[in-house]
Amino acid sequence: MPEGLEAEIWRRALTATVGRRITSAWVDHRVAPTEFVSVVTGLSVTAIRRAGKVVLIETDGPTIGLHFGMTGRVIVDGDAPIDRLEYASGRDRPEWDRLRLFTNGDGAVAAVRLNDPRRLGRVRLNPDTTGLGVDMFELSVTSLEDALKCRRIAIKTALLDQAVVAGLGNLCVDEMLWWGGIDPHRPAKSLDGDETKRLVDVVRRRLPIMLRRGGSTMGDLSPDVRAACPPCERDGHPLRRDMIAGRTAVWCPDHQH
DNA sequence: CGGCATGTTTCGCC
DNA sequence: AGGCGAAACATGCC
């Protein structure tokens, strides 16, 4: 579930906690620093930001960083802003909680829960975000050209690199390459100016649409499509699944080249 | 049961 | 030295 779009949706939901004071906290110590609870108890939330796929809860003290791994999700005041597909049965099981923050006036419901069955997500204090590339919502032709021009790796792999573009994940990358008509195997540096511009245009156009629809699973290459590889919506040619640098790429050999 | 999964980090090989 | 791919991580689901 979690790519930058999900992080953005959760960022917006978490703004409800701005101005509140963290009265108590609990974490699964396997995913958070040992001093976490003692450090954050008593802090006041001042702002919620996002850096790529990471949500940053800013306070009058240290910043709390939420990484979601493959299956993390956020529940704010008992309400999950995104509910879909994966782990659909018995979701939000309490034993999958990795973080609970309680704030003044909440009663028994945690203001913030990080629920993550697979436990690849992380809770960090003052996370280092300096290595991230340009944010996916601020992508420009020149920034992408600069980032791609020396790379021989597949364009798909380059776009997944958070140092190139921050926030795009496997689903969004396949979606953008599908819309842009670009073969995911192409070496990044082989894209010409027109193709790079086309890709940037597609990212600018499609990301807000997917955000409105509810996240990275709401593209035309939905998880169902990815699993079944039916004929391409655009030209009827069967979609293909290839492994590129360890990640599944779903694409249309007919209109992507 | 085997395989697969929206991510990141680490290791080892050029 | 640095770029790159594979493996590891951890667990649920089909």
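Heavy-atom basis, side chains included; hydrogens, waters and symmetry copies ignored. Within every chain, numbering begins at 1; the chains are lettered A, B, ... in the order of the sequence lines, protein sequences first and strands thereafter.
- Residue contacts shown for R152(A) are limited to sugar-phosphate atoms, with no base heavy atom under 4.0 Å away.
- Here dG5(C) is the nucleotide among dG12(C), dT8(B), dG5(C) with the atom lying nearest to any side-chain atom of A245(A).
- Across the protein-nucleic acid pair, D224(A) atom CG and dC13(C) atom P stand 17 Å apart, rounded to whole Å.
- D254(A) CG to R234(A) CZ: the interatomic distance, rounded to the nearest 0.5 Å, is 10.0 Å.
- The CG atom of L148(A) sits 14 Å away from the P atom of dG3(C) (whole-angstrom rounding).
- Of the candidates dG7(B), dG5(C), dC4(B), the closest approach to any side-chain atom of R241(A) belongs to dC4(B).
- In this structure, D242(A) contributes its side chain and A249(A) its backbone to no donor-acceptor pair below 3.5 Å.
- Distance check on atom P: dA7(C) versus dG3(B) gives 14 Å, rounded to whole Å.
- Here dC4(B) presents its P atom at 18 Å from CG of L120(A), a figure rounded to the nearest Å.
- Remark: side-chain polar atoms of D60(A) are not paired, donor with acceptor, to backbone N or O of L43(A) under 3.5 angstrom.
- Closest approach to the R151(A) side chain among dC4(C), dG7(B), dG12(C) is made by dC4(C) (side chain taken as heavy atoms from C-beta onward).
- Taking atom CZ on R73(A) and atom P on dG12(C), their separation rounds to 13 Å, with Å as the unit.
- R50(A) and D135(A) are joined by a salt bridge, as a carboxylate oxygen and a charged side-chain nitrogen come within less than 4.0 angstrom of each other.
- Of the possible donor and acceptor atoms, one in the side chain of Q256(A) sits under 3.5 Å from a partner among the backbone N and O of I182(A).
- For R241(A) and W251(A), the positive end is not near the middle of the six-membered ring at less than 6.0 Å and at most 45° from its axis.
- The side chain of M243(A) lies closest to dA5(B), out of dC13(C), dA5(B), dT8(B).
- Out of dA5(B), dG5(C), dT8(B), the shortest distance to the side chain of T157(A) is found at dG5(C).
- dT9(B) sits 22 Å from dA1(C) when the P atoms are compared, rounded to a whole Å.
- In this structure, the nucleotide among dA5(B), dG5(C), dG12(C) sitting nearest to the side chain of I153(A) is dG5(C).
- Using a 4.0 Å cut-off between charged side-chain N and carboxylate O, D220(A) and R213(A) make a salt bridge.
- Distances shorter than 4.0 Å separate none of the side-chain N or O atoms of T71(A) from OP1 or OP2 on dG12(C).
- With rounding to whole Å, L160(A) atom CG is found 13 Å from dA5(B) atom P.
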### Task
Using Watson-Crick or G-U wobble pairs with both distances under 3.5 Å, give me DNA chain B in dot-bracket, 5' to 3', with [ ] for crossers and | for pairs to another strand.
.||||.||||||||

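- By the 4.0 Å N-to-carboxylate-O rule, R186(A) lies close enough to E195(A) to be salt-bridged with it.
- Rounded to an integer number of Å, the gap from CZ of R247(A) to P of dC4(C) is 17 Å.
- Rounded to an integer number of Å, the gap from D161(A) CG to dG2(C) P is 16 Å.
- Remark: C1' of dA5(B) and CD of E6(A) are 14 Å apart, rounded to the nearest angstrom.
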